[in-house]
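Residue numbers start from 1 in every chain, and the chains themselves are labelled A, B, ... in the order their sequence lines are given, proteins ahead of strands.
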There are 2 protein chains.
Amino acid sequence: MKLSTKGRYGLRAVLDMALNKNEGPITLNSIAERQGISEGYLEQLMVPLKRAGLVKSVRGAQGGYILAKDPKNITVGEVIRALEGPIAPVACVSEDYPEECERAEGCVTRMVWEKVRDSIAEVLDSFTLEDLVQESRKYTGQNSYMYYI
Amino acid sequence: MKLSTKGRYGLRAVLDMALNKNEGPITLNSIAERQGISEGYLEQLMVPLKRAGLVKSVRGAQGGYILAKDPKNITVGEVIRALEGPIAPVACVSEDYPEECERAEGCVTRMVWEKVRDSIAEVLDSFTLEDLVQESRKYTGQNSYMYYI
DNA sequence: CTTATTCCTATTAAATTAATAGGATTTAAT
DNA sequence: ATTAAATCCTATTAATTTAATAGGAATAAG
């Protein structure tokens with residue numbers, strides 16, 4: 001029942017980008033340093049984040065990554081889904097394409113997993129990156145970066 | 001964000017036991033057959049379930065396993081925790097012994113994970129085995145076993 | 001032209017999960 | 001007593017997923 005590092009690192013990465021969004025394209029190298037995540041691994045996380053339309057890349061020197069949308073229009077749920085796939089405590093109740101199960105007819109544990117899925121989704125969708133930025137500012141002051149998230 | 005088969009198979013196993021609780025000790029062999037789970041694997045699942053005081057074993061011929069408590073006093077949450085450990089979408093917000101994190105001070109993503117943890121726990125703790133038995137009877141009638149759960 | 005960067009693909013390492021195997025122990029039934 | 005049915009125990013292996021690394025190609029600023 002754990003999130004993998006994809007989701008955790010990825011959320012930290014986009015939050016880092018939200019906190020630094022007025023600095024122009026942000027290099028993975030700088031995120032990697034601030035967040036203590038390997039640059040190569042961050043690279044892999046950017047692929048699904050780009051595909052999901054959450055970040056954009058700027059190639060070449062002075063390039064880097066920027067958020068594709070305003071932080072208040074990006075929910076934690078979007079980020080997590082982009083990185084970990086549809087929310088699904090078990091495959092048969094996946095948000096996307098629930099896996100067919102021969103036992104489905106009359107399955108009574110499934111209703112438990114459905115409720116778990118919905119409650120997770122509700123929480124994740126209730127937070128935007130902007131919420132986290134605001135929260136972060138409480139600790140670090142208006143203009144300082146938030147390294148430890 | 002997936003449950004492992006430990007939790008899924010284990011819940012099916014104890015529910016199977018709840019549905020057959022008037023039959024005396026239930027052999028792993030019979031659960032394995034009804035549920036399509038390898039007997040050896042079930043054996044491994046019984047260890048933590050016993051330790052958690054949810055099932056009792058009866059050794060020797062005609063032995064097997066029985067629930068240690070009434071189904072209405074066993075929650076899905078207890079079963080899942082016994083098999084998967086404390087609920088913790090990330091280690092730093094584990095129900096039991098949250099892992100210390102150097103970034104904890106001023107960590108803003110943590111409040112998200114805490115809410116996720118609590119919402120999962122709330123759902124899992126809201127269902128008892130008896131609830132699932134009742135639900136199951138709706139499909140199969142009062143006295144028939146529920147094979148497909 | 002050089003440098004800094006993303007991009008792309010492949011590979012490896014590590015960890016976890018799932019399953020299997022083989023035998024020791026216990027106990028009911030004969 | 002003997003047998004058979006079952007749990008118990010430990011170790012091993014197989015499979016899968018996660019995490020990280022490596023090496024270079026493409027792009028664009030200066």
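Taking atom CG on A:Leu45 and atom C1' on D:dA19, their separation rounds to 10 Å, with Å as the unit. Across the protein-nucleic acid pair, B:Leu3 atom CG and C:dT17 atom P stand 11 Å apart, rounded to whole Å. Note: CG (B:Leu83) to P (C:dT16) measures 18 Å, nearest angstrom. The separation between B:Leu42 atom CG and C:dA18 atom P is 13 Å, rounded to whole Å. Distance NZ (B:Lys2) to P (C:dA15): 23 Å, rounded to an integer number of Å. If you measure from atom CZ of A:Arg51 to atom P of C:dC7, you get 12 Å, rounded to the nearest angstrom. Rounded to whole Å, the distance from CD1 on A:Ile26 to P on C:dT6 is 11 Å. Going from atom NZ of B:Lys56 over to atom C1' of D:dA6 covers 18 Å, rounded to whole Å.
B:Gly40 comes within contact range of at least one nucleobase, with a heavy-atom separation under 4.0 Å. Nucleic acid contact class of B:Val47 (heavy atoms, under 4.0 Å, all strands): none.
Residue pairs meeting the ring-ring contact (aromatic ring centres under 6.0 Å, His included) criterion with at least one partner in residues 39-91 of chain B, sequence neighbours excluded, are B:Tyr9-B:Tyr41.
Distance alone, capped at 3.5 Å, is enough to place a donor-acceptor pair between the A:Thr128 side chain and the A:Glu130 backbone. Between the side chain of B:Ser119 and the backbone N or O of B:Val116, at least one donor-acceptor pair lies under 3.5 Å.
Between B:Ser38 and C:dA18 there is no side-chain polar atom (N or O) within less than 4.0 angstrom of OP1 or OP2. Side-chain N/O atoms of B:Tyr41 include none lying less than 4.0 angstrom from OP1 or OP2 on D:dA15. Residue A:Ser57 places none of its side-chain N or O atoms closer than 4.0 Å to OP1 or OP2 of C:dT6. Taking 4.0 angstrom as the limit, B:Lys6 places none of its side-chain polar atoms (N or O) nearer than this to OP1 or OP2 of C:dA18.
Counting only heavy atoms from C-beta outward, the side chains of A:Arg8 and A:Ile80 never approach each other to under 4.5 Å.
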How would you summarise protein contacts on nucleotides 23-30 of chain D per nucleotide, using B for base, S for sugar-phosphate only and - for none, with heavy-atom distances below 4.0 Å? ---BBBS-

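Qualifying side-chain hydrogen bond (donor to acceptor under 3.5 Å, both in side chains) partners for A:Lys56, counting only residues two or more places apart in sequence or in other chains: none.
Taking the charged nitrogens against the carboxylate oxygens, A:Lys69 and A:Glu78 do have a contact shorter than 4.0 Å, which makes a salt bridge. Here A:Arg81 pairs with A:Asp125 in a salt bridge; the nearest charged N to carboxylate O distance falls below 4.0 Å. A salt bridge links B:Lys138 with B:Glu135: the closest approach of a Lys/Arg side-chain nitrogen to an acidic carboxylate oxygen falls below 4.0 angstrom.
Here the side chain of A:Ser4 is nearest to one of C:dT5, D:dA19, D:dA11, namely D:dA19. Closest to the side chain of A:Lys50, from the set C:dT6, C:dC7, D:dT18, is C:dC7.
Position along DNA chain D of the nearest nucleotide to B:Gln44 versus B:Leu28 favours B:Leu28 as the more 5'-ward residue.
Base pairing of D:dC9: its partner is C:dG22, meeting the Watson-Crick or G-U wobble criterion (both donor-acceptor distances under 3.5 Å).
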